[in-house]
**Q** 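Below you will find the structure I want to go over with you.
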2 protein chains.
Amino acid sequence: MRRTKAEAEETRSSIIRAAERVFYAKGVSNTTMEDVANAAGVTRGAVYWHFSNKTDLFLELYNSVPMPQEDMIAREIEQPGREVLCQIEKAAGDWLGELAGDEQRQRIFSILLRCEYGEELMPVLEKQQEVDDRHTASLERAFSRARSEDALGTSWTPQSATRTLRWMMKGLCSEWLLFGRRFDLEAQGREGLKHLFSSFREKAASIGSPPD
Amino acid sequence: MRRTKAEAEETRSSIIRAAERVFYAKGVSNTTMEDVANAAGVTRGAVYWHFSNKTDLFLELYNSVPMPQEDMIAREIEQPGREVLCQIEKAAGDWLGELAGDEQRQRIFSILLRCEYGEELMPVLEKQQEVDDRHTASLERAFSRARSEDALGTSWTPQSATRTLRWMMKGLCSEWLLFGRRFDLEAQGREGLKHLFSSFREKAASIGSPPD
DNA sequence: ATTTTAACATACAGCTGCGTTTGTATAAAT
DNA sequence: ATTTATACAAACGCAGCTGTATGTTAAAAT
């Protein structure tokens with residue numbers, strides 16, 4: 001039964017969406033192509049028609065979602081509204097809110113966190129790393145602006161602030177995603193951000209000396 | 001060629017150590033029992049003599065390492081030296097130093113971080129979770145003591161401080177382990193801890209209001 | 001109206017890794 | 001000194017998954 005081009009494109013994307021669900025449910029390396037086909041309501045023939053193998057399917061899945069972790073900063077920041085640190089804090093908090101409300105993103109992120117990157121999937125890792133680096137650079141520029149506006153506490157450097165923020169965000173999201181979403185991501189996240197940015201803003205650097 | 005009991009025990013542990021290396025190098029689900037056997041210099045027969053299957057081998061590997069993330073607090077804390085917050089900070093920093101100096105721990109942690117837990121490996125996840133919970137509780141008690149000694153800034157609660165510290169530690173270690181150890185874990189980690197604990201100690205809560 | 005080709009379903013061959021079985025030499029038990 | 005059980009090596013069978021080849025139907029192209 002030959003389908004029309006639109007129909008074909010639809011089955012293709014339905015296969016991708018099915019892969020997303022199955023990868024999320026069973027793990028990438030534990031799912032077979034037939035699993036994906038069944039979940040999509042087609043046969044392996046259709047899957048192999050649209051994708052050459054599982055790695056390719058994974059790649060296309062990764063590309064199908066619009067810039068998984070791109071933004072977070074790029075949009076709101078850069079244009080000097082007013083308080084830079086407040087903008088970063090707001091952007092980070094909003095990003096958490098979006099993640100908390102978007103189940104597809106949650107699945108994608110979980111898959112990317114979990115899957116074992118063995119040789120074949122290295123392009124994905126590299127792309128992730130590249131996006132990460134761009135994102136880090138953007139954050140550092142923002143914190144540098146905060147510094148030049150004398151808004152960043154003297155005990156922080158733009159680099160250390162960037163790293164600490166990113167570590168906290170990553171740990172937060174990992175724990176939430178991988179351990180059953182057992183707390184309110186946005187609420188707890190915003191609270192943590194509030195404290196952290198409070199420290200970013202501290203003028204009097206009363207850094208305690210680590211003992212011994 | 002029947003071996004003596006001591007020899008047998010040695011091949012058993014050599015298989016476990018081989019599994020550790022191969023799991024780390026190729027990922028758990030991408031390694032076959034023959035891979036492990038080859039890396040250990042034996043045949044699959046020996047592997048299947050000592051372990052019933054790959055899951056069992058993984059479990060035994062997990063059990064063979066003395067409490068992967070147990071401690072970090074339990075030892076130094078609890079006994080009231082003096083400054084509680086300093087003790088926690090020191091314990092966390094020391095823990096980072098130990099991780100940075102112990103390649104076996106690095107491998108184990110990397111394996112545990114990125115392996116796909118599918119049904120069979122759930123016991124490992126549960127045990128991890130249990131250790132995590134005990135650890136969190138221990139941290140919360142320590143921060144509670146800090147609070148009762150009026151050493152914890154008023155804007156923090158023992159719970160929020162615990163969570164933030166754990167998130168940062170987790171993000172820090174994840175990034176370091178999974179992305180090629182491209183920075184100095186102990187140095188950068190201690191610096192981040194210094195800033196964070198500085199915030200923990202802040203008396204004047206100048207929490208900025210998140211905009212909008 | 002035919003021909004071609006896209007979009008699949010179905011069938012097939014091949015291999016890989018798994019778990020088991022069998023063989024065997026030797027340590028340990030009697 | 002036998003016997004027995006242990007600690008493996010080697011061989012076997014097989015189920016599952018992959019990739020491809022072939023079949024089929026209908027949409028496009030001519």
Side-chain angles (χ1 to χ4, degrees), chain A residues 1-19 21-61 64 111 115-121, chain B residues 1-61 64 111 115-121 124:
Chain A
M1 317 128 164
R2 165 132 188 234
R3 309 294 160 80
T4 173
K5 265 223 272 253
E7 286 172 330
E9 200 53 38
E10 189 161 325
T11 61
R12 182 191 141 94
S13 72
S14 91
I15 290 174
I16 290 185
R17 288 197 304 270
R21 294 195 307 270
V22 184
F23 284 169
Y24 173 71
K26 304 184 43 175
V28 176
S29 54
N30 291 329
T31 72
T32 131
M33 292 299 246
E34 195 162 14
D35 289 335
V36 176
N38 289 343
V42 294
T43 68
R44 274 173 51 245
V47 179
Y48 275 100
W49 170 257
H50 287 285
F51 311 94
S52 57
N53 50 40
K54 194 163 77 174
T55 300
D56 182 39
L57 175 56
F58 185 92
L59 267 295
E60 294 301 311
L61 168 60
S64 79
I111 293 170
C115 74
E116 303 188 10
Y117 297 93
E119 310 285 318
E120 313 305 312
L121 301 183
Chain B
M1 313 133 162
R2 161 131 189 237
R3 309 293 159 78
T4 172
K5 266 224 273 251
E7 287 172 329
E9 198 53 37
E10 188 160 326
T11 61
R12 181 192 141 94
S13 73
S14 91
I15 291 174
I16 290 186
R17 287 196 305 271
E20 178 191 314
R21 294 195 308 270
V22 184
F23 284 170
Y24 172 70
K26 306 185 37 173
V28 176
S29 54
N30 291 329
T31 73
T32 121
M33 292 300 247
E34 196 162 15
D35 289 335
V36 176
N38 290 342
V42 294
T43 67
R44 275 172 52 244
V47 179
Y48 274 99
W49 171 258
H50 288 286
F51 311 94
S52 57
N53 50 40
K54 195 161 78 174
T55 300
D56 182 39
L57 176 56
F58 186 92
L59 267 295
E60 293 301 312
L61 167 61
S64 79
I111 293 170
C115 76
E116 301 187 12
Y117 298 93
E119 311 284 317
E120 313 303 312
L121 301 182
V124 175

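In the text below, chain A, chain B and the rest are named by the order of the sequence lines, each starting its count at 1. Please read these numbers as outputs of a predicted model, since none were measured by experiment.
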**Q** Provide the closest heavy-atom pair for K26(B) versus D35(B) in the form atom of the first, atom of the second, distance.
**A**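 Distance-wise, the nearest heavy atoms are NZ-OD2, 3.0 Å.
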**Q** Using a distance-only test with no angle check, is there a side-chain donor-acceptor pair under 3.5 angstrom linking S29(B) and E116(B)?
**A**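 E116(B) and S29(B) do not have a side-chain donor-acceptor pair below 3.5 Å.
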**Q** Nearest whole Å is fine: how far is dG19(C) P from E120(B) CD?
**A**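 E120(B) atom CD is separated from dG19(C) atom P by 10 Å.
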**Q** Over all strands shown, is T32(A) touching base, sugar-phosphate only, or nothing at heavy-atom distances under 4.0 angstrom?
**A**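 Result for T32(A) = sugar-phosphate.
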**Q** Using whole Å, what does the distance between atom C1' of nucleotide dC17(D) and atom CG of N38(A) come to?
**A**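 Answer to the nearest Å: 13 Å.
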**Q** Do you know the tightest heavy-atom contact between N30(A) and G118(B)?
**A**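 The pair with the smallest heavy-atom distance is ND2-CA, 4.2 Å.
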**Q** Whole angstroms only, please: what is the CD-C1' distance between E10(A) and dC8(C)?
**A**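 It works out to 15 Å between those atoms.
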**Q** Starting at CH2 of W49(A) and ending at P of dT18(D), how long is that distance when rounded to a whole Å?
**A**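 Checked: the CH2 to P distance equals 20 Å.
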**Q** Considering non-hydrogen atoms only, spot the tightest contact between I16(A) and L61(A) and give its length.
**A**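 Residues I16(A) and L61(A), closest heavy atoms: CG2-CD1, 3.7 Å.
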**Q** Provide a list of protein-nucleic acid N or O atom pairs under 3.5 angstrom, restricted to nucleotides 11-15 of chain C.
**A**
none

**Q** OP1 or OP2 of dC8(D) less than 4.0 angstrom from a side-chain nitrogen or oxygen of H50(B), does that happen here?
**A**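 H50(B) to dC8(D) OP1/OP2: side-chain N or O found under 4.0 Å.
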**Q** Rounded to whole Å, please give me the gap between NZ in K54(A) and P in dC17(D).
**A**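 Distance, rounded to whole Å: 10 Å.
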**Q** Heavy-atom distance under 4.5 Å between the side chains of F51(A) and R12(A), does that happen here?
**A**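 Yes - at least one pair of side-chain heavy atoms lies under 4.5 Å apart.
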**Q** Any idea which heavy atoms bring T43(A) and A37(A) closest together, and the distance?
**A**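 Heavy-atom minimum between the residues: C-CB, 3.5 Å.
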**Q** Check whether any side-chain nitrogen or oxygen of T43(A) sits under 4.0 Å from OP1 or OP2 of dC8(C), and answer yes or no.
**A**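 No, because none of the side-chain N or O atoms of T43(A) sits under 4.0 Å from OP1 or OP2 of dC8(C).
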**Q** Are R3(B) and E10(B) within salt-bridge range, i.e. N to O under 4.0 Å?
**A**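 A salt bridge is absent here (no side-chain N lies under 4.0 Å from a carboxylate O).
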**Q** Below 4.0 angstrom, N of the basic side chain to O of the carboxylate: do R17(B) and E20(B) qualify?
**A**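 E20(B) and R17(B): not salt-bridged.
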**Q** Using atom CZ of R12(A) as one end and atom C1' of dA6(C) as the other, report the distance to the nearest whole Å.
**A**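 It works out to 15 Å between those atoms.
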**Q** Take atom OH of Y48(B) and atom C1' of dC18(C), then tell me their distance rounded to the nearest Å.
**A**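 Distance, rounded to whole Å: 5 Å.
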**Q** For the residue pair E7(A) and T11(A), establish whether any side-chain heavy-atom pair is separated by less than 4.5 Å.
**A**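 A side-chain contact under 4.5 Å is absent here.
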**Q** Taking protein heavy atoms under 4.0 Å as touching, what does nucleotides 23-30 of chain C look like 5' to 3' if B marks base contact, S marks sugar-phosphate-only contact and - marks none?
**A** --BBBS--
**Q** Within this structure, what is the CE-to-P distance between M33(A) and dC8(C), rounded to whole angstrom?
**A**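 Result: 15 Å.
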